[in-house]
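Chain naming here is simple, since letters A, B, ... match the order of the sequence lines and numbering starts at 1 in each.
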Number of protein chains: 2
Amino acid sequence: MTKRVTIKSIAQDLGISHMTVSRALSDHPNVHKDKREAIKARARELGYVPNAAAKAMRGDGTKIVGLLLPNITNEFYARFANAMALACEANSLHLIIHLTNDDSALERQALERLREVQAMAVLMVPTPATSPHEQPSASGLNVIQLVRQRAIDGTSGTVLIDDHKAIHDAVVHLAQQGHRAIGFIGANNNLSSGKQRLAAFRAGLTTTGLSEDAALVHTGSPSFEMGRSCFGKLLKGKSATALVCGGVEISNGALSALMEHGPGSAKQLAFIGYGDPSYYRWLAGGISTIRLPIDALAQEAMALLQPNGDAAKGSGLRKLNAELVLRGP
Amino acid sequence: MTKRVTIKSIAQDLGISHMTVSRALSDHPNVHKDKREAIKARARELGYVPNAAAKAMRGDGTKIVGLLLPNITNEFYARFANAMALACEANSLHLIIHLTNDDSALERQALERLREVQAMAVLMVPTPATSPHEQPSASGLNVIQLVRQRAIDGTSGTVLIDDHKAIHDAVVHLAQQGHRAIGFIGANNNLSSGKQRLAAFRAGLTTTGLSEDAALVHTGSPSFEMGRSCFGKLLKGKSATALVCGGVEISNGALSALMEHGPGSAKQLAFIGYGDPSYYRWLAGGISTIRLPIDALAQEAMALLQPNGDAAKGSGLRKLNAELVLRGP
DNA sequence: ATGAAAGCGCTAACAC
DNA sequence: GTGTTAGCGCTTTCAT
């Protein structure tokens, strides 16, 4: 492997000072035009690429953006990561993705590593709250929280999803269809979003004059497995005739359990998912769901990355509306 | 924002030489034990994290692994990326994901950026071949190719999928079911894997004594849209009674077209997909498919990242078998 | 218009 | 056991 081409090696090759090379490559005016072109040509020839580490060490910033997600197999996160990656591609940014698996230890570790590389910003879907003294030290990090919100040191912006109306309307819709035993599976109080989704569900019940049946409401740490198992409980106990899901992982988990119960049961239980994976429309005649504005989310996140116009637009807290999508016969 | 905590600032804070701090933090023996502990404690207190850029500049390596994928919305790539990200998490590596969208210009750009940050290795699913003079300069990069193979400078390892038997068997299975008009949609010759999949399809036809009908075979640059549109052509022209897909994007695209044709058509056309998204089992009574060994792929890729045992095991070319999964009534 | 020096954070190689 | 020096690649500042 040939030694790395540096600004100095080019200078030596050309018998000039490395400063002239530096200036030429950065289009500084004070370089003779012919010389500049010659230098640039030679650099291209040699396959020169600037050394990001050297630039970073000078305090020039890193062009590195961190992205912390619970996982990337869930289509919601995958699509979001895809959108972010494309946006970063377009802005010549590096996107470092760390998966937290909703584990605060992994989250802490990821943040620490991103401090090491001096990421210019970190976009993160926070894991469910940990005890206060376990707060990850994100000092020096420009943190932007997505979808979920938690008290995190260094947070400069937050983009949340306002799903209150969508969840509320989902319950009302089910009630109008004649359902009286409407279940809910969502995240617990460790997450403010979990709390709010449950509140929205309850608001829906109130609107329709239904009273809450504790046996039909399940909350916990949001995961695929949790959605699966809660769905099982829901069927075994006082059986619900309808279900509203309050989380993307939960929704997929519950749906997988539903599908395994056979095609018939899907018609007996009105299912309203959360997030809108591409295949929901094809399942059991179409799965109704609460759709999240993925592209808008990515767009807002990118906007918050830019230094300008951040505080300008106010507090740095944005909310994007979810949308109820009804499907089926 | 407080200034960054460095080895020097700690030294100053403690009134000692920065070298002692350096030694203490890296557990060098030549430091008085009490002093070492004191230094470590203070460093933790101050929230010290080593500066990756400085380490990189000394030539100590970067712990950065690049991953180039066409996209990450396709469940196959998403699951693979997920597996790689978890593996990197476990090994304290940074995973930088670049999406190429199967565009060689984006691929070239991504490789250049990874050279800038001196990635220790790059795992890539190469885009379809470009003209030779457009070869991306990956010099100095430790490239590992995945799934697809192309002549790329700096390649130190390749992990491919051997799907010959699976595709061949798929055709034989369809023939045994009585199908005589079996279609195929796959990648074109720009990709060696495309060529081989078509060859496997033809081998299947030969085995069963069927002759190839050019109108039923479509190849091109593999993408969701391509799969969709070719599926349309297949239905309009001499209509096939069965279809074998030769690519993950193509499979999803073709399937989406199939689903839109209504639930009935799925039973008229025997569909064999490629890749095994979680929902295939739930569609139209179960979609048969060629399943790819995602976890094994990630495992092999990780193994190739480790410097040891690379050349030891031979040429650095591994092949993993795909598997035909039959579903449906 | 060009060059020389300094310094970003870190550690190997020398002193002592 | 501890401290000093030098140098990785780059650009800002100060000569020339």
Side-chain angles (χ1 to χ4, degrees), chain A residues 1-40 42-43 46-64 112-113 115-120 140, chain B residues 1-40 42-43 46-64 112-113 115-120 140:
Chain A
M1 190 184 332
T2 41
K3 229 171 74 67
R4 193 171 226 283
V5 180
T6 74
I7 223 165
K8 268 187 189 164
S9 74
I10 296 176
Q12 200 168 16
D13 178 281
L14 261 42
I16 56 178
S17 157
H18 71 276
M19 264 319 297
T20 307
V21 177
S22 171
R23 279 193 268 255
L25 293 179
S26 48
D27 283 316
H28 188 92
N30 277 0
V31 190
H32 201 80
K33 202 193 167 199
D34 298 350
K35 193 168 280 190
R36 169 166 53 232
E37 294 312 322
I39 293 173
K40 281 188 164 181
R42 190 79 186 113
L46 264 33
Y48 168 80
V49 285
N51 185 323
K55 284 221 172 93
M57 220 172 57
R58 298 195 68 263
D60 291 353
T62 54
K63 296 268 179 192
I64 289 180
E112 191 171 312
R113 322 269 340 284
R115 283 219 292 152
E116 292 177 12
V117 298
Q118 298 172 100
M120 60 177 282
Chain B
M1 193 186 328
T2 41
K3 228 172 74 68
R4 194 172 226 280
V5 181
T6 74
I7 224 166
K8 268 187 187 163
S9 75
I10 296 177
Q12 199 167 16
D13 177 281
L14 260 43
I16 56 179
S17 158
H18 70 277
M19 262 321 291
T20 307
V21 178
S22 170
R23 280 192 269 255
L25 293 179
S26 48
D27 283 315
H28 189 93
N30 276 0
V31 191
H32 201 78
K33 204 193 167 203
D34 299 350
K35 192 168 281 190
R36 169 165 53 231
E37 294 313 321
I39 293 173
K40 281 188 164 181
R42 190 81 186 111
L46 264 31
Y48 168 80
V49 285
N51 185 323
K55 285 218 171 101
M57 219 173 58
R58 300 193 67 264
D60 291 354
T62 54
K63 297 268 179 192
I64 289 180
E112 190 170 314
R113 322 268 341 283
R115 284 219 291 153
E116 291 178 13
V117 298
Q118 299 172 103
M120 61 177 282

In residues 24-38 of chain A, what residues come within less than 4.0 Å of DNA chain D, judged by heavy atoms? none
Could you tell me whether A:Q12 atom CD has more than 12 heavy atoms of other residues or ligands within 6.0 Å of it? no
Whole angstrom is fine here: how far is it from CG in A:L46 over to P in D:dG9? 14 Å
How many whole angstroms separate atom NZ of B:K8 from atom P of D:dA6? 13 Å
Find the distance A:K55:NZ to C:dG9:P and express it as a whole number of Å. 18 Å
B:T20 side chain near D:dG3 phosphate (N/O to OP1/OP2, under 4.0 Å): yes
Do A:I39 and A:L14 have side-chain heavy atoms sitting under 4.5 Å apart? yes
When you measure only distances, ignoring hydrogens and angles, does the side chain of A:H18 come within 3.5 Å of the base of C:dT2 through a donor and an acceptor? no
Map A:S17 and B:P50 onto DNA chain C by nearest heavy atom, then report which one ends up closer to the 5' terminus. A:S17
State the CD1-NZ distance between A:I10 and A:K40, to the nearest 0.5 angstrom. 12.5 Å
Where do B:R4 and A:E116 come nearest, in terms of heavy atoms and distance? NH2-O, 4.0 Å
Evaluate whether atom NZ of A:K63 has more than 12 neighbouring non-hydrogen atoms of other residues, nucleotides or ligands under 6.0 angstrom away. no
Rounded to the nearest Å, what distance is computed from the CZ atom of residue B:R115 to the P atom of nucleotide D:dG9? 14 Å
To the nearest Å, how far apart are B:N51 CG and C:dG7 P? 18 Å
For atom CD1 of B:I7 and atom P of C:dC8, their distance in whole Å: 14 Å
Rounded off to whole Å, could you give me the OH-to-C1' distance for the B:Y48 and C:dC10 pair? 7 Å
Can you see which heavy atom on B:A24 is nearest to which on B:V31, and at what distance? N-CG2, 3.9 Å
How long is the line joining CD1 of B:I10 and P of D:dG3, in whole Å? 15 Å
Below 3.5 Å is the cut-off: list the nitrogen or oxygen pairs between protein and nucleotides 12-16 of chain D, distance only.
from: D:dT12; atom 1: O4'; to: A:R58; atom 2: NH2; distance (Å): 3.4

To the nearest 0.5 Å, what is the distance between NE2 (B:H32) and OG1 (B:T20)? 12.5 Å
Using 0.5 Å steps for rounding, measure from the CD atom of B:E37 to the CZ atom of B:R42. 15.5 Å
Rounding to 0.5 Å, atoms NZ (B:K33) and NZ (B:K35) come to a distance of 15.5 Å
